[in-house]
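Let me begin by presenting the structure, written as structure tokens, before commenting on it.
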Amino acid sequence: VQLQASGGGKVQPGGSLRISCAESGIAVDDYAIGWFREAPGKEREGVSCISISDGGTYYAKSVRGRFTISRDYAKNTVNLQMNSLKPEDTGVYYCAATLFGAPESLCTGYGPGIDYRGQGTLVTVSS
């Protein structure tokens with residue numbers, strides 16, 4: 001299984017950025033993929049997660065209304081469109097997957113746990 005994040009970079013506050021997770025090798029139809037972020041001095045946060053089987057989504061309260069997660073079935077990618085970015089959105093973003101788990105359980109950690117994790121991409125929100 002491979003999960004490869006891309007698209008990070010530096011953006012000014014209020015700007016937008018889209019990051020993508022290319023996934024391959026997951027052999028079941030029922031799984032969820034999510035975006036997590038890590039920053040110095042902060043706990044890991046499940047930002048947004050999506051069910052590959054039914055498209056259900058979950059967003060952390062800190063990003064609701066600003067971030068949108070989506071699945072491109074043709075390209076096997078999970079994308080995170082991030083708008084109205086704030087300095088506190090800065091961090092390393094990585095994608096992870098859980099088999100047979102729901103998006104909320106993946107993002108919040110109250111569930112089966114992460115089965116696969118990819119490398120991260122750095123997002124810096126700064127003027």
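Nothing here was measured: the structure is a model prediction, and the numbers come from that model.
Counted within 6.0 Å of CD on Gln119, heavy atoms from surrounding residues, nucleotides or ligands total 12 or fewer; the atom is thus considered open. Counting non-hydrogen atoms of neighbouring residues, nucleotides and ligands closer than 6.0 angstrom, the CD atom of Gln2 reaches no more than 12 such neighbours.
Figure legend: cation-pi geometry between Arg37 and Tyr94 absent, as NZ or CZ is not positioned both under 6.0 Å from the six-membered ring centre and within 45° of its axis. Arg64 forms a cation-pi arrangement with Tyr58, by the criterion of a distance under 6.0 Å to the ring centre and an angle within 45° of the ring axis.
In this structure, Tyr59 contributes its side chain and Arg66 its backbone to no donor-acceptor pair below 3.5 Å. The main-chain N or O of Gly101 is never found under 3.5 Å from a side-chain atom of Ser105 such that the two would form a donor-acceptor pair. Under a 3.5 Å cut-off, the side chain of Asp115 and the backbone N or O of Leu99 do form a donor-acceptor pair. Side-chain atoms of Thr121 come within 3.5 Å of backbone atoms of Gly8 as a donor-acceptor pair (strictly under, hydrogens ignored). Remark: side-chain polar atoms of Ser51 are not paired, donor with acceptor, to backbone N or O of Ala32 under 3.5 angstrom.
Take Tyr93 and apply the ring-ring contact (aromatic ring centres under 6.0 Å, His included) test, not counting sequence neighbours, and it matches no residue.
Heavy atoms only, all atoms of each residue included: Ser62 and Glu45 are closest at OG-OE2, 2.7 Å.
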Distance-only criterion, 3.5 Å: show the donor-acceptor pairs between side-chain atoms of residues 21-31 and protein atoms not counting sequence neighbours.
residue : atom : partner : partner atom : Å
Glu23   : OE1  : Tyr31   : OH           : 3.3
Glu23   : OE2  : Tyr31   : OH           : 2.7
Glu23   : OE2  : Arg71   : NH1          : 2.5
Glu23   : OE2  : Arg71   : NH2          : 2.9

